[in-house]
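Residue numbering restarts at 1 for every chain, and letters A, B, ... go by the order of the sequence lines. Excluded from the calculations below are hydrogen atoms, water molecules and symmetry mates; all remaining heavy atoms, backbone and side chain alike, are included.
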There are 2 protein chains.
Amino acid sequence: MDNIEQIFGNFLREKGLRHTEQRDIILNAFLEAEGHLSAEDLYIIANGKSPGIGYATVYRTLKLLCKVGIAREVYFDNGKVRYEHKYKHRHHDHLVCIRCGKVIEIFDSKIEEAQDRLAKKNGFIPIKHQLNIFGVCKECRKKK
Amino acid sequence: MDNIEQIFGNFLREKGLRHTEQRDIILNAFLEAEGHLSAEDLYIIANGKSPGIGYATVYRTLKLLCKVGIAREVYFDNGKVRYEHKYKHRHHDHLVCIRCGKVIEIFDSKIEEAQDRLAKKNGFIPIKHQLNIFGVCKECRKKK
DNA sequence: TCCATTATTGAATATGATTATCAATATCAT
DNA sequence: ATGATATTGATAATCATATTCAATAATGGA
């Protein structure tokens, strides 16, 4: 129950879905790549490993991974969805460099608590949130 | 210097752009509508006031409004950009109801400070951020 | 005021990301 | 193995947004 491939396999079986080679390849490509990939990024990796894999399959599999809780969608500033690891990956926020695009994950329990408090104060049941801080990273700050 | 129409007019003159009826109509539609509109929302309003106004003009004008600082882009969860008032409108975050789509603006200086602190701790110069909290609002909680 | 210059418009077309269609193929329970 | 049916990949369809371009309108100057 702690192996992601197994979790995915169980999920497929339970739902009456099929365990295909493509799904495995895409899952592994996703797991190996740390970071915040777009569907295109994943397509390039997966298609590199197994030419023939198409965009459609990548998109479809990405949806499944979100459904099982292995991946999560993230919306940054450019109207393009990115996917990050969710399984055994605590919730976190993002620092995004507007120069080089680097993404750093951050977590601060004070912010988390304050958010819950604010939501409740306004009568909301908080379900999830996304905090992205945009700025210039240390390296880019040095250059010019 | 405190009238938005004037600010927009000055901006156009300075940039050598022209003050057209369409731009006025779209600006006014935007100003009258409180809330967080999509380009489509604005198109419907503007085109209602002056049939003939097309999507292209709405998109182009919205870009100008962002450039002058009258409007600001907001990215929620659905891959669609929304625009909110920026002029004399302090920075704030959002509570978004996942049932009815209602958006409430919130502000909490503790969260703001904590964010700046976090960014700096990681070597970032913070420039802007977006915090969206998704949940179920009071009204939707009651229904069913 | 009329003119000439040139920014702007709207319609149509293009783009980029994502989704749906569908015939051929692969998986899985029997 | 076999049959039922989920899945695949290619392609076409969508959706939001951007671009092109000929016709039109706004501006500054005569």
Side-chain angles (χ1 to χ4, degrees), chain A residues 5 8-27 29-30 36-68 71-83, chain B residues 5 8-30 36-68 71-83 101:
Chain A
E5 275 96 342
F8 191 48
N10 291 341
F11 168 81
L12 294 174
R13 202 169 316 108
E14 281 167 21
K15 298 279 181 184
L17 303 175
R18 288 170 185 176
H19 199 154
T20 68
E21 205 187 326
Q22 289 90 329
R23 283 176 176 164
D24 262 354
I25 290 171
I26 293 170
L27 169 61
F30 175 72
H36 303 74
L37 311 129
S38 63
E40 191 188 3
D41 295 337
L42 239 202
Y43 165 78
I44 290 172
I45 302 175
N47 184 276
K49 294 192 178 197
S50 171
I53 285 187
Y55 267 104
T57 305
V58 171
Y59 275 104
R60 289 186 280 232
T61 305
L62 237 11
K63 282 219 173 132
L64 291 178
L65 295 184
C66 287
K67 214 171 270 177
V68 220
R72 176 186 359 214
E73 297 187 336
V74 200
Y75 295 76
F76 292 149
D77 235 18
N78 45 82
K80 211 174 178 182
V81 183
R82 303 196 154 266
Y83 297 84
Chain B
E5 276 96 343
F8 191 47
N10 291 342
F11 168 81
L12 294 175
R13 202 168 317 108
E14 282 169 19
K15 298 278 181 185
L17 303 176
R18 287 171 187 177
H19 199 156
T20 69
E21 207 187 326
Q22 289 91 328
R23 282 176 178 165
D24 262 352
I25 290 171
I26 293 170
L27 170 60
N28 281 313
F30 176 71
H36 303 76
L37 310 130
S38 63
E40 190 188 6
D41 295 335
L42 239 201
Y43 165 78
I44 290 170
I45 302 174
N47 184 275
K49 294 192 179 198
S50 172
I53 285 187
Y55 267 105
T57 304
V58 172
Y59 276 105
R60 289 185 281 230
T61 305
L62 236 14
K63 281 215 173 140
L64 291 177
L65 295 184
C66 287
K67 214 171 269 176
V68 220
R72 176 187 356 209
E73 298 186 336
V74 201
Y75 296 76
F76 292 149
D77 235 20
N78 47 80
K80 212 173 176 181
V81 182
R82 303 196 155 265
Y83 296 84

> Does NZ belonging to B:Lys67 count more than 12 external heavy atoms closer than 6.0 Å?
Replying inline: no
> For A:Lys49, does the NZ atom have more than 12 heavy-atom neighbours from other residues, nucleotides or ligands under 6.0 Å away?
Replying inline: yes
> Got a second to check how far B:Leu42's CG is from B:Tyr55's OH, nearest 0.5 Å?
Replying inline: 10.5 Å
> For the residue pair B:Ser50 and B:Ile25, what are the closest heavy atoms and their distance?
Replying inline: CB-CD1, 3.5 Å
>> If I take atom CD1 in residue B:Ile25 and atom C1' in nucleotide D:dA26, what distance separates them, rounded to the nearest angstrom?
In response: 15 Å
>> Please list, in numerical order, the residues of residues 52-65 of chain A that have a heavy atom closer than 4.0 Å to any atom of DNA chain C.
In response: A:Ala56, A:Tyr59, A:Arg60, A:Lys63
> Atom CD of A:Glu14 to atom C1' of D:dA6: distance rounded to whole Å?
Replying inline: 17 Å
> Just how far, in rounded Å, is P of D:dC15 from CZ of B:Arg82?
Replying inline: 16 Å
>> With rounding to the nearest 0.5 angstrom, report the NE2 to CG distance, B:His19 to B:Asp24.
In response: 3.5 Å
>> To the closest 0.5 Å, what do you measure between CG (A:Leu17) and CG (A:Leu12)?
In response: 5.5 Å
> What integer distance in Å separates B:Glu73:CD from D:dA16:C1'?
Replying inline: 13 Å
>> Using the salt bridge (Lys or Arg N to Asp or Glu O under 4.0 Å) criterion, which residues pair with B:Arg23? Sequence neighbours excluded.
In response: none
>> Nearest 0.5 angstrom please: B:Leu37 CG to B:Ile45 CD1, how far?
In response: 5.5 Å
> Between D:dT17 atom C1' and B:Tyr43 atom OH, what is the distance in whole Å?
Replying inline: 14 Å
>> Using whole Å, what does the distance between atom P of nucleotide C:dG16 and atom NZ of B:Lys80 come to?
In response: 21 Å
>> Base contacts versus sugar-phosphate-only contacts with protein, heavy atoms under 4.0 Å: please encode nucleotides 24-30 of chain C as B, S and - from 5' to 3'.
In response: --BBS--
> Given atom CD1 of B:Ile44 and atom P of D:dA16, what is their separation to the nearest angstrom?
Replying inline: 11 Å
>> Any side-chain to backbone donor/acceptor pair from A:Ser38 onto A:Asp41? Under 3.5 Å, distance only.
In response: yes
>> Please report the distance, rounded to the nearest Å, between CD in B:Glu40 and P in D:dT17.
In response: 9 Å
